[in-house]
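One structure is given below, encoded as structure tokens.
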Amino acid sequence: MMRGILRFGTRTILLHIAAAVVIGLVAGFAVVSAPDAPKFQSEEGILNLKQLHVSNQPVKLQGEWEFYWQELLSPKDIQIRSTRDGNNDRWINIPSSWLGYRLDGQQLNGTGFATFRVVIELSEQDRNERLALRLPTIFHSYKLWVNGELLAEVGVVGQDESGVTPHLSSKLVFFQPENNSVELVMQVANFHHKRGGITKYIELGGSDVLTVRTNLKIAAEMFITASLLVIGVYHLLLFVLRRKDRAPLYFGMFTLLSGIRSLLVGELLLTQLWPAFPWGLQFKIEYLILCSIGYITTRYFDSIFPNYVTRWFHLGTRIVTGAFCIVVVVTPALLYTKMLLMIGVMVVLHMVYLMVGLVKAAVWRMEGALIFLLVSVVGLVTVVNDFLYYNEWSLIGNTSPLGLLVFTIAQIILLSSRFTRAASNEERIARELQDANNKLTEMNMNLERTVQERTQALSAAHDDLRTSYDRLLHSEQGRKKLLAYITHDLRMPLSSMLGYVEAVQDRVKPERDEQYLKYIRDNTIRINRMIEELSFLSHLETGQVSYRMEPVHVIHFLRGFFEQYELVVRDAGLNFTLDIGDAEDQRPNSPVVEMDAQRLEQALFNLVSNAMKFTSSGGLVRIALAVEQVNHTHYAIISVQDSGTGIPPDQLEQIFHRNYKYDRPGVENGVEGSGLGLAICREIVQAHGGTVRAESDGKTGSIFYVSLPCIVNEGR
């Protein structure tokens, strides 16, 4: 209990200390950023600075300036008019917009054009000094004369929208006073923004002092901008590497967009780096970022502290943000700049809603909620000040980049702590898993020997069972295939024989009984041969045929085959030739193939008998041998060529199928075949690692090629 009280007291003390630090930072920033109390103001167009040495103490020009509405006058024009009509009697306070200025009983709107003039009286010390004017962004085009000399021109000044080219740029111009007074004449035109006129301070001071101040301000903004851009890109890359956590995605988008916006405000770094950048696109980008920053912040908050943002708020902010962005995209700046206050209210409401959720998270002691809440206060103060400043309700300049940088640094710390905690948890879990694994390994080591002994015994028994199973499986497959083949291929001849037997019994045509008996005998012979071939083919397909492989000289094998079947082929009335060249059988480069000579002889005889069957008497059957090399492997190519009627080219891929039959017309040699010879030939050749194919044009015979890999061939 005492420990809990001490913990609660410590958190309370830390909370008060952190709050004091934040309030002190905000107050100090406000004091530092706030302009000095105005000591010198122009009255009726004359600013008396005789008591001030502006070369060392720059001053911000403020007070009454001469105001010529809807007139673009040069210094010479003003001098002529003053000589003719006397002094001007219309004055306007600078800095401020002419929006709302009462002229002839009516309030002016933000668009139009005018000329401003002020005379500055200098001290004797400043007369001989080189002075400078630091010009802010002026909405939205202007010309500046100093003592009658045109020193600055931004955009194109004109009297209507078509004659005006808007542009935003801050400038630093230098001049040398000719006497104790300096006349400033400025023409300003605006037809593209809701506010026109000189809305920001113009600084007058020594050239060296203002140059240093300007460079320091640019350097500070460049530092803040570069920091935001680098941080944003870094966190987007973190999300690419680890997509599960979306917090780096939304935080990277937030900081990247904030960095881009800081290029478009303040010292306008973008236009300094890229003077020709389109003004309209610049303004749209700035307002689109303002519209979307609240929604992105909400998504980031929801990814850090889930379930604190309600569904209706998600839906509402998505709709409102999308509507504002669409308006900014499709409307001109003159319209959507009038929504600046509404956009500011939307962003502030987002931040207020999130801070309410942060208070709840801090009460529930969610990690990082307190830091998130405190830096959100800083960000809210700076953002609110910016909206007030751009609406001319605050004297403090552009503060949101610095506030966003503070917010960003705090979020980096928060995200880093999350990543560190996640990495620590992963290391702890890895250590625990390693310890558990070590224990399991130690336990398993005691079991390994027993398991290994049992496994060896089981493995031996399994191998025996597997061998027996494979044999039974092959036998069963062969039985099923043989049964299927017999059922399929014998149904037709058996049915035909049954018809002939019934015809003989019924004495349908007694004079043809002898012919019917001959048909029955021929079909019986055919069925016997078919059963033998079907049985052999089923054994081939199921791997039940054993091969006695040994190296054989192909030339010797072919000569023996030719001598064995020469008389058979010639007795059929065919010419039988062998073309293997005139070399000796045992020459050193004679091709040698690992083969079962008996099985390969059977395959080759099937090809020869097939050629005999479809070649007319007097035709030719030719056996030839060639050696080819494919991918560093030599192949013996045995070809069987006939001069028969050939095979239709569209059926060459089907002739090796078991059920394929083709009776070429006009051929009467031999008995009708079973259609299994080529299928058996293919199975035998493939068992030798070779291939068999056929070529024919369907008219002048056919050629069958048997390709077998050599183990001794030419070139070795």
Polar side chain donor-acceptor pair, E121 to N180, under 3.5 angstrom =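 Per modelled atom types, E121 and N180 side chains form no pair under 3.5 Å.
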Side-chain H-bond candidate by donor/acceptor type, N56 with H53, under 3.5 Å =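 Their side chains do contain a donor-acceptor pair, which is all the 3.5 Å distance test asks for.
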If you look at every heavy atom in [X] and [Y], which pair is closest and at what distance?
X	Y	answer
L99	G110	CD1-N, 3.3 Å
Q70	G112	OE1-CA, 3.8 Å
Q282	T271	OE1-CG2, 3.4 Å
L288	V329	CD2-CG2, 3.9 Å
T137	S170	CG2-N, 4.4 Å
Y336	G280	OH-O, 4.1 Å

Counting only N and O atoms by type, is there a donor-acceptor contact under 3.5 Å from the side chain of [X] to the main-chain atoms of [Y]?
X	Y	value
K143	E153	no
T83	Q79	yes
K200	P95	no
S74	D77	yes
S207	A132	no
W98	N109	yes
T317	Y295	no
S42	L47	no
Q187	L73	yes
E183	I120	no

Identify whether NZ of Lys or CZ of Arg in R117 sits under 6.0 Å from the centre of the six-membered ring of Y68 and within 45° of that ring's axis.
->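 Negative - R117 is either too far from the ring of Y68 or too far off its axis.
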Separation between [atom1] of [X] and [atom2] of [Y], rounded to the nearest 0.5 Å:
X	Y	atom1	atom2	result
I138	I202	CD1	CD1	4.5 Å
K338	H193	NZ	NE2	11.0 Å
F67	N93	CZ	CG	11.5 Å
M222	L263	CE	CG	9.5 Å
L249	H235	CG	NE2	11.5 Å
S141	F191	OG	CZ	8.5 Å

Do [X] and [Y] make a side-chain contact, defined as non-hydrogen atoms from C-beta onward lying under 4.5 Å apart?
X	Y	result
S55	L131	yes
F254	I293	yes
L172	L210	yes
L204	L184	no
T337	F139	no
H314	T298	yes
I218	T214	yes
V157	V188	no

Is [X] atom [atom1] crowded by more than 12 heavy atoms from other residues, nucleotides or ligands, each under 6.0 Å away?
X	atom1	value
Y234	OH	no
Q107	CD	yes
K217	NZ	no

Step by step, would you call F116 with Y142 a ring-ring contact (aromatic ring centres under 6.0 Å, His included)?
-> CA-CA 10 Å; F116 302 83; Y142 67 89; over 10 Å; no
Verdict with supporting geometry, W279 and F283, side chain to side chain contact (heavy atoms under 4.5 Å, CB included) = CA-CA 6 Å; W279 169 87; F283 242 61; 3.9 Å; yes
Identify, with sequence neighbours excluded, every residue that meets salt bridge (Lys or Arg N to Asp or Glu O under 4.0 Å) alongside R299.
->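 Partners of R299 by the salt bridge (Lys or Arg N to Asp or Glu O under 4.0 Å) criterion come out as none, since no residue qualifies.
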R127/L122 under side chain to side chain contact (heavy atoms under 4.5 Å, CB included): CA gap, chis, key distance, verdict | CA-CA 7 Å; R127 177 178 180 180; L122 303 175; 5.9 Å; no
Electrostatic pair R90:E71 at N-O distance under 4.0 angstrom =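 No, this pair does not count.
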List for me each residue that meets side chain to side chain donor-acceptor pair (under 3.5 Å) alongside Q57, sequence neighbours excluded, and say none if there are none.
->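 With neighbours one apart ignored, the set is empty.
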Can you list the steps and then say if L229 with I260 is a side chain to side chain contact (heavy atoms under 4.5 Å, CB included)?
-> CA-CA 7 Å; L229 294 176; I260 294 174; 4.1 Å; yes
Checking side chain to side chain contact (heavy atoms under 4.5 Å, CB included) for the pair W69/I92: CA distance, chi angles, key distance, verdict?
-> CA-CA 10 Å; W69 177 243; I92 189 171; over 6 Å; no
Step by step, work out the ring-ring contact (aromatic ring centres under 6.0 Å, His included) result for H140 and H192.
-> CA-CA 8 Å; H140 261 119; H192 300 81; 7.3 Å; no
